[in-house]
There are 2 protein chains.
Amino acid sequence: MTRTRLTDVACSIARATDLFADAWTALIMRDVLVGITRFDDIAEDLEISRKVLTVRLARLVEEGVLSRERYQQRPPREHYVPTEKGKELFPVLLALMNWGDRWYSNEGPPVRIQHLDCGSTTTAVTTCAHCQQMLTIDNTTQMPGPGGKLGPGTSVIGPLLASRRGHP
Amino acid sequence: MTRTRLTDVACSIARATDLFADAWTALIMRDVLVGITRFDDIAEDLEISRKVLTVRLARLVEEGVLSRERYQQRPPREHYVPTEKGKELFPVLLALMNWGDRWYSNEGPPVRIQHLDCGSTTTAVTTCAHCQQMLTIDNTTQMPGPGGKLGPGTSVIGPLLASRRGHP
DNA sequence: CGAGTAGAGTTCCCTTAGGGAACTCGATGG
DNA sequence: CCATCGAGTTCCCTAAGGGAACTCTACTCG
């Protein structure tokens, strides 16, 4: 398949996507974050090919998202636990889950999130760090940041590009 | 490759993932949401194989995430615009972007988000709908919801499964 | 009126990742 | 010393992705 490596593209979505966006990685991360951390358990839970699971886990460890750790000495056994970097993928999973719940669950969401600090069964909202309002495409705009450079996939230039051609 | 269809699995992440999680779909959605809506422009911006782009766009239209619409009559030309369902993928992109910014941008984020309502250049935070606190794996827990059923990938049963050993 | 051009896809061929299922290997535990 | 368990490997087959050239339909310009 020769997946194009997207890591060189100056776009954070592309970089995150490069690691995260195949059919399995998100599911593996969900499992691991939820406590299914052993090779066989993940394989069984997801019904993923063991070969692919091996490759995915290796990549995730290499990227520092998971850490392979010994959880018992005799016999020696390893499992996969999320690093800080891995834990911070949780919001991505929440966003994905939210969207899936909203558009695909007829019988209600299969899983509910409970926020331990306030005790409520809740849903995740993506909000503005400053004013706590919900962020949407319609109430936001994108502007070049410090690390912005022109290049394929650097979408900020998109609208310019579009108008340049006499097009909305 | 015979991608396993995940849509039948009772997990919203899996359902969202099934559509969203390949190398390109997230990038295509970003482009479209940001105003790059024409076939050739997307192809050029992402340097994606035109063949794959055709397939992706068809899938996204089929799923109701994008809509193919005529933007000029003479000569007849179509482009792809996000539907409501598509627009609601924005939080997913924000979460992905955030994570990418945090872990992969050395020179600062390539793109900044400005919240038009409050005017600030901001970042997205995934918060509890009730108390506005940030949600993390550590301050949340998952519980079965109304649509929950046992099955592969239904991660709520994960911890149980792990202790129970032996499988539905 | 015929040539040229832009937009939007198709088609073809080649490579390689994913699916599945069986096989391996080390360390037990009985 | 044989059966188990956890954790991967190996093999073969198929289908999806990459790349680049080709096509089809309106135009539009000299």
Side-chain angles (χ1 to χ4, degrees), chain A residues 1-6 9 17-19 21-28 31-32 36-61 66-81 152 161-162 164-168, chain B residues 1-6 9 17-19 21-28 31-32 36-61 66-81 152 161-167:
Chain A
M1 221 180 313
T2 320
R3 285 268 302 278
T4 307
R5 267 291 114 89
L6 295 168
V9 176
T17 294
D18 181 55
L19 169 67
D22 70 287
W24 294 116
T25 306
L27 282 309
I28 292 172
D31 271 19
V32 168
I36 306 179
T37 59
R38 297 187 326 180
F39 188 94
D40 275 25
D41 287 345
I42 301 172
E44 193 183 339
D45 182 52
L46 299 181
E47 292 180 343
I48 180 180
S49 148
R50 307 169 70 77
K51 184 183 64 170
V52 177
L53 180 55
T54 303
V55 176
R56 286 290 162 280
L57 289 173
R59 177 92 201 282
L60 290 169
V61 167
L66 294 181
S67 161
R68 185 170 182 273
E69 277 170 24
R70 181 155 298 187
Y71 67 86
Q72 73 175 31
Q73 290 299 334
R74 17 189 348 84
R77 291 286 182 258
E78 270 87 25
H79 67 165
Y80 297 86
V81 294
L161 185 150
R164 233 204 294 129
R165 306 249 181 104
H167 164 79
Chain B
M1 223 183 308
T2 319
R3 284 267 303 276
T4 306
R5 269 290 113 92
L6 294 168
V9 175
T17 294
D18 180 56
L19 168 66
D22 69 286
W24 295 115
T25 306
L27 281 310
I28 292 172
D31 271 18
V32 168
I36 307 180
T37 59
R38 299 184 325 180
F39 189 94
D40 275 25
D41 287 346
I42 301 173
E44 190 184 338
D45 183 52
L46 299 181
E47 293 181 341
I48 181 179
S49 149
R50 305 170 71 77
K51 184 184 65 170
V52 176
L53 180 55
T54 303
V55 176
R56 286 291 163 280
L57 288 173
R59 177 91 200 281
L60 290 168
V61 167
L66 294 181
S67 161
R68 184 169 183 274
E69 277 168 25
R70 180 156 297 189
Y71 67 85
Q72 73 176 29
Q73 291 298 335
R74 16 190 349 84
R77 291 286 183 258
E78 270 86 25
H79 66 166
Y80 296 86
V81 294
L161 184 149
S163 55
R164 178 153 42 80
R165 253 8 351 253
H167 191 65

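Order of the sequence lines sets the chain letters (A, B, ...), proteins ahead of strands, with each chain counted from 1. Not measured: the values here are computed from a predicted model.
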Between the axis at one end of the helix from C/dC1-D/dG30 to C/dG30-D/dC1 and the axis at the other (five pairs apiece), what's the angle to 10 degrees?
-> 0°
Among the nucleotides [options], which one has an atom lying closest to any side-chain atom of [X]?
X: B/R38; options: C/dG18, C/dA8, D/dG17; value: C/dA8
X: A/Y80; options: D/dG18, D/dA7, D/dG8; value: D/dG8
X: A/V52; options: C/dA8, D/dG8, C/dG19; value: C/dG19
X: A/R68; options: C/dT10, C/dG7, D/dG8; value: D/dG8
X: B/R56; options: D/dG17, C/dA8, D/dA7; value: D/dG17

What residues form a side chain to side chain donor-acceptor pair (under 3.5 Å) with A/S49, not counting sequence neighbours?
-> none
Under-4.0 Å side-chain N/O to phosphate OP1/OP2 contact, B/W24 with D/dA16 |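 Indeed not, no polar side-chain atom of B/W24 lies that close.
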Grab the N/O contacts between the protein and nucleotides 23-27 of chain C below 3.5 Å, and write none if there aren't any.
unit_1, atom_1, unit_2, atom_2, d
C/dG26, N2, A/R77, NH2, 3.4

Please give, in whole Å, the distance from [N] [atom2] to [X] [atom1]?
X: B/E47; N: D/dG17; atom1: CD; atom2: P; answer: 18 Å
X: A/E44; N: D/dA7; atom1: CD; atom2: C1'; answer: 14 Å
X: A/I48; N: C/dG18; atom1: CD1; atom2: P; answer: 9 Å
X: B/I42; N: C/dG9; atom1: CD1; atom2: C1'; answer: 13 Å
X: B/H79; N: C/dG9; atom1: NE2; atom2: C1'; answer: 17 Å
X: A/R70; N: D/dA7; atom1: CZ; atom2: C1'; answer: 12 Å
X: A/L53; N: C/dG18; atom1: CG; atom2: P; answer: 12 Å
X: B/D45; N: C/dG7; atom1: CG; atom2: P; answer: 15 Å

Which heavy atom in [X] sits nearest to a heavy atom in [Y], and how many Å separate them?
X: A/I28; Y: A/I48; answer: CD1-CD1, 4.3 Å
X: B/V32; Y: B/Y80; answer: CG1-O, 3.6 Å
X: B/A26; Y: A/T17; answer: CB-OG1, 3.8 Å

For the pair B/R77 and B/D40, find out whether any cationic side-chain nitrogen is under 4.0 Å from an anionic carboxylate oxygen.
->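 Salt bridge flag = no for B/D40 with B/R77.
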For B/R68, all residues meeting salt bridge (charged side-chain N to carboxylate O under 4.0 Å, His left out), sequence neighbours excluded | B/E78
Those residues at least two apart in sequence (or on a different chain) that pass side-chain contact (heavy atoms from CB on, under 4.5 Å) with A/V81 are A/S67, A/E69, A/H79
Please enumerate all protein N or O atoms sitting under 3.5 Å from an N or O of nucleotides 3-5 of chain C, with distances to 0.1 Å.
none

Do B/K51 and D/dG18 share a donor-acceptor pair, side chain to base, under 3.5 Å?
->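 Answer yes: a donor N or O sits under 3.5 Å from an acceptor.
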Compare all side-chain heavy atoms of A/W24 with those of A/L53 and state whether any distance is below 4.5 angstrom.
->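 No, their side chains stay 4.5 Å or more apart.
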